[in-house]
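Reading through the structure tokens given below for one structure.
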Amino acid sequence: MSRSDLVLYSVTDRVALVTVNDPDRRNAVTGAMSAQLRAAVERAEADPGVHAVVVTGAGKAFCAGADLSALGEAAEEGLLALYDGFMAVGACTLPTIAAVNGAAVGAGLNLALAADVRVAGPYARFDARFQQLGLHPGGGATWMLQRAVGPQVARAALLFGMAFDAEAAVRHGLALSVGEDPVAAALELAAGPASAPREVVVATKATMRVTANPGSVDTDAHSTAMRTELGPQATSARSPEFAERLAAARRR
């Protein structure tokens, strides 16, 4: 596969569809994919004909997390490169929907959480997985999960390994709804901002970011969480325990 094909981009009816596209590797995030994801988000923001963004995964998985080899070799700069794409989704000025068609694991869960709304397919699975890998959460996962589902369920996911199928995700507020075709359901939902004046859509999202926690902007909170997690995650990624679990995962 060409490196330029790791993220696909198309626009229909004022909605940009962004697809992470490495299905043979279950759309595992690499630095190259992350950079292309940021470029796709920025392309949508720069186009006055785009009012909303839908993010999904090619094949059966949404995103199986960061490439484990890249994680094992990553210092803090490398981790930042892996995070960059979903940080762009999180900071996007347009409404964003994650159409979670399959497994969203680790950094893939972060990608789903970075969107404003998540629509789950019948085979969706939301799984933090960090602790099971011997890895500290990263990319603002601690903040994003608590924002999405509250402290108790977030702790169940990050400390106790709780994963969520589509129905459980809706029950706990992690996903808005379940759709047989999550991309179609997401596009239908995106028709709302697509039919509204773009300046109203952008202003409404900006206002909600401020009023969610008066005195700050939620993108600042995400960035702070990501930076807070960065050192502990980099340390855990260099640990012998992570190396052992990485080797075991490669043998499977």
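The cluster map of Ile, Leu, Val, Met, Phe, Trp and Tyr, joined by side-chain heavy atoms under 4.5 Å apart, puts Leu111 and Val54 in different clusters. No continuous path of ILVMFWY side-chain contacts below 4.5 Å connects Val178 to Leu109, so the two sit in separate hydrophobic clusters. In the hydrophobic cluster analysis, where Ile, Leu, Val, Met, Phe, Trp and Tyr join through side-chain heavy atoms closer than 4.5 angstrom, Tyr123 is grouped apart from Leu176.
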Which pairs would a plain distance check flag for residues 12-20, meaning a side-chain donor or acceptor within less than 3.5 Å of a matching protein atom at least two apart in sequence or in another chain?
from  : atom 1 : to     : atom 2 : distance (Å)
Arg14 : NH1    : Ala194 : O      : 3.2

Using distance only, find each side-chain donor-acceptor pair of residues 142-164 under 3.5 Å and give its atom names and separation, not counting sequence neighbours.
from   : atom 1 : to     : atom 2 : distance (Å)
Thr142 : OG1    : Glu229 : OE2    : 2.4
Gln146 : NE2    : Thr142 : O      : 3.1
Arg147 : NH2    : Leu113 : O      : 3.2

Tell me which donor-acceptor pairs under 3.5 Å the side chains of residues 183-190 have, and how far apart each pair is, sequence neighbours excluded?
none

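A heavy-atom distance below 4.5 Å is not found between the side chains of Met33 and Asp67. Residues Val29 and Ser34 have side chains in contact (heavy-atom distance under 4.5 Å, counting atoms from C-beta outward). Inter-residue side-chain proximity for Val117 and Thr96 is flagged as unmet; no heavy-atom pair is nearer than 4.5 Å. When side chains are defined from C-beta on, Val119 counts as touching Ile97, because their heavy atoms get closer than 4.5 Å.
Note on residues 42-65: pairs passing side chain to side chain donor-acceptor pair (under 3.5 Å), not counting sequence neighbours, are Arg38-Glu42, Glu45-Thr93, Thr56-Asn101. Note on residues 183-206: no pairs pass ring pair (Phe, Tyr, Trp, His ring centres under 6.0 Å), not counting sequence neighbours. Pairs passing the ring pair (Phe, Tyr, Trp, His ring centres under 6.0 Å) check and including a residue from residues 5-35, sequence neighbours excluded, do not occur. Applying the side chain to side chain donor-acceptor pair (under 3.5 Å) test to every pair with at least one member in residues 162-183, sequence neighbours left out, gives no pairs at all. Judged as a ring pair (Phe, Tyr, Trp, His ring centres under 6.0 Å), not a single pair has a partner in residues 95-122 (not counting sequence neighbours). Residues in residues 194-216 take part in these side chain to side chain donor-acceptor pair (under 3.5 Å) pairs, two or more places apart or across chains: Asp116-Lys205, Arg209-Asp218, Asn213-Ser216.
Interatomic distance, Cys92 SG to Met87 CE, rounded to the nearest 0.5 Å: 13.5 Å.
A donor-acceptor contact shorter than 3.5 Å links the side chain of Asn27 to the backbone of Ala61. A donor-acceptor distance shorter than 3.5 angstrom exists from the side chain of Thr228 to the backbone of Thr224, with no hydrogens or angles considered. Although no hydrogens or angles enter the test, the distance criterion places a donor-acceptor pair under 3.5 Å between the side chain of Ser239 and the main chain of Ser236. With hydrogens and angles disregarded, a donor-acceptor distance shorter than 3.5 Å links the side chain of His222 to the backbone of Gly139. Gln36 contributes a side-chain N or O that, together with a main-chain N or O of Val7, makes up a donor-acceptor pair within less than 3.5 Å.
Heavy atoms only, all atoms of each residue included: Pro95 and Pro193 are closest at CG-CB, 4.0 Å. Across all non-hydrogen atoms, the minimal contact from Ala196 to Val201 is CB-CG2, 3.8 Å.
The side-chain contact (heavy atoms from CB on, under 4.5 Å) check on Ala98 picks up Phe62, Val100, Ala112, Ala115, Arg118, with sequence neighbours excluded. The ring-ring contact (aromatic ring centres under 6.0 Å, His included) search around Phe126 returns none, not counting sequence neighbours. With sequence neighbours excluded, the residues satisfying side-chain contact (heavy atoms from CB on, under 4.5 Å) with Leu230 are Glu76, Leu79, Leu80, Tyr83, Arg227.
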